[in-house]
There are 2 protein chains.
Amino acid sequence: MSTEPRTTSDPRELLGYLLKHATAKLMAKTDEALAPFGVDGKEFGALRVLAHGEPQSQLQVARTLGVDRTTMVALLDALERRGTVTRRPDPADRRRNVVELTDAGRQTYRDASAAFAAAEAEFLEGVGPRAAAQLSRTLRALLDG
Amino acid sequence: MSTEPRTTSDPRELLGYLLKHATAKLMAKTDEALAPFGVDGKEFGALRVLAHGEPQSQLQVARTLGVDRTTMVALLDALERRGTVTRRPDPADRRRNVVELTDAGRQTYRDASAAFAAAEAEFLEGVGPRAAAQLSRTLRALLDG
DNA sequence: TATTGTTATACTCTATAACTATA
DNA sequence: TATAGTTATAGAGTATAACAATA
């Protein structure tokens, strides 16, 4: 007969704790990897959207990233200030800004992308490719359900 | 020869996106489950610590939960206001407050605990017990590494 | 009248600094 | 001199409301 309690007060046993802290650890790693390129995770996300596919309006990018359009303004302000993206009125609808990567921005994205992938790989290095793939599958299933 | 790009701009393919949104979804579910009992996730964490083991000082609870001691003040203020916990000076060291669950607080914890577990189970229902156990193992390994 | 980008504002969450009372 | 609790304050992050330009 064990004297151990059936449950403990250790928060590290809760799935919520594990998810939250795994997220934080990955974010810290990727932010650190992106820092030399002058972008944070959110900005990298925007570059990623802009690097693939057609030029888009601010609102389209915001919706893809799941952020408010007012948040997008400050984000693009920072990227534009550093010469990573350009904004110009859409000739077809002058209410919109067409946002595009500059040549320098494309290079930044390529470099940052490699660093980002390396950070993700480092985060996963302890668990092996099978468990890593299983992790993504499970998370996707949890989000779909 | 495929015309598909090797990568896409869809953020849903990134591990960081999956982790962040899985965390948010679970938090939303547990917060919703706890709401009828008048506590949020953080407060439930405090109740959980207090429900197991010896009475503790505010600082000890704060450290177990990984929050600042100034954050603990407002958290306990709310719980005390609702009659869930009591604070009294520790006779052995009057700088400290001994924090304990009231009888009502214990009942609240029991009820909230069942609701919390049900919410977690509902979150996991799409993936089966094997995948759920594997998820926890993988997350623990990622946090330890 | 509705939409896009912008600005100003407010709100949440949390941490830092300073104060008090105790040790 | 150091520690526990408290309070006031500041910072990051994000959302809401209102406004200008355009459709």
Side-chain angles (χ1 to χ4, degrees), chain A residues 11 16-17 19-21 23-24 26-28 30-32 34-35 38-46 49-50 54-81 85-100, chain B residues 11 16-17 19-21 23-24 27-28 30-32 34-35 39-46 49-50 54-81 85-100:
Chain A
Y17 175 92
L19 281 171
K20 186 175 164 187
H21 284 80
T23 305
L26 174 56
M27 297 289 192
T30 52
D31 278 354
E32 188 187 353
L34 294 173
V39 295
D40 63 21
K42 239 175 278 298
E43 290 167 341
F44 178 70
V49 171
L50 294 169
E54 300 295 306
Q56 305 201 50
S57 75
Q58 295 189 192
L59 193 56
Q60 287 171 318
V61 178
R63 285 190 177 135
T64 303
L65 295 175
V67 303
D68 196 86
R69 72 181 201 236
T70 64
T71 304
M72 185 58 39
V73 174
L75 200 160
L76 291 177
D77 283 348
L79 292 176
E80 194 178 38
R81 226 179 293 123
V85 307
T86 56
R87 285 193 268 209
R88 59 186 170 81
D90 183 344
D93 182 345
R94 290 169 45 72
R95 293 173 301 183
R96 301 183 174 205
N97 276 346
V98 177
V99 184
E100 286 179 284
Chain B
Y17 175 92
L19 280 171
K20 186 176 164 186
H21 283 79
T23 304
M27 297 289 193
T30 53
D31 278 354
E32 189 188 351
L34 294 173
V39 296
D40 62 21
K42 239 175 277 299
E43 291 167 340
F44 177 71
V49 171
L50 294 169
E54 301 293 307
Q56 306 200 50
S57 75
Q58 294 189 196
L59 194 56
Q60 287 173 317
V61 178
R63 285 191 177 136
T64 302
L65 295 174
V67 304
D68 197 86
R69 73 187 185 192
T70 64
T71 304
M72 185 57 40
V73 174
L75 199 160
L76 291 178
D77 283 348
L79 292 176
E80 194 178 38
R81 226 179 293 124
V85 307
T86 56
R87 286 193 268 210
R88 58 187 168 82
D90 184 343
D93 182 346
R94 291 169 44 73
R95 292 173 302 185
R96 300 185 176 204
N97 277 346
V98 177
V99 184
E100 286 178 285

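- In this view, B/Thr64 satisfies the side-chain hydrogen bond (donor to acceptor under 3.5 Å, both in side chains) rule with no residue, not counting sequence neighbours.
- Applying the side chain to side chain contact (heavy atoms under 4.5 Å, CB included) criterion to A/Gln60, with sequence neighbours excluded, gives A/Gln56, A/Ser57, A/Arg96.
- Whole-Å rounding puts the B/Leu75 CG to C/dA15 P distance at 12 Å.
- Checked against side chain to side chain contact (heavy atoms under 4.5 Å, CB included), B/Pro89 has the following partners two or more places apart in sequence or in another chain: B/Arg94.
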Between B/Asp40 and B/Glu43, is the side-chain contact (heavy atoms from CB on, under 4.5 Å) condition met? List the steps.
CA-CA 5 Å; B/Asp40 62 21; B/Glu43 291 167 340; 3.3 Å; yes

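- Applying the salt bridge (Lys or Arg N to Asp or Glu O under 4.0 Å) rule to pairs touching residues 62-72 of chain A yields nothing, sequence neighbours excluded.
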Letter by letter from the 5' end, nucleotides 5-11 of chain C scores (B base, S sugar-phosphate only, - none; protein heavy atoms under 4.0 Å) BBB----

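- Note on A/Asp68: a base of the nucleic acid sits closer than 4.0 angstrom, heavy atoms only.
- For B/Glu32, there are no side chain to side chain contact (heavy atoms under 4.5 Å, CB included) partners at least two apart in sequence or on another chain.
- Residues forming a side chain to side chain contact (heavy atoms under 4.5 Å, CB included) with B/Val67 (at least two apart in sequence, or on another chain): B/Ala62, B/Leu65, B/Thr71, B/Met72.
- For the side-chain hydrogen bond (donor to acceptor under 3.5 Å, both in side chains) test, residues two or more places apart in sequence or in another chain that qualify with A/Asp93 are A/Arg95.
- Put simply, chain B comes within 4.0 Å of DNA chain D, heavy atom to any atom, from D/dA2 to D/dT7, going 5' to 3'.
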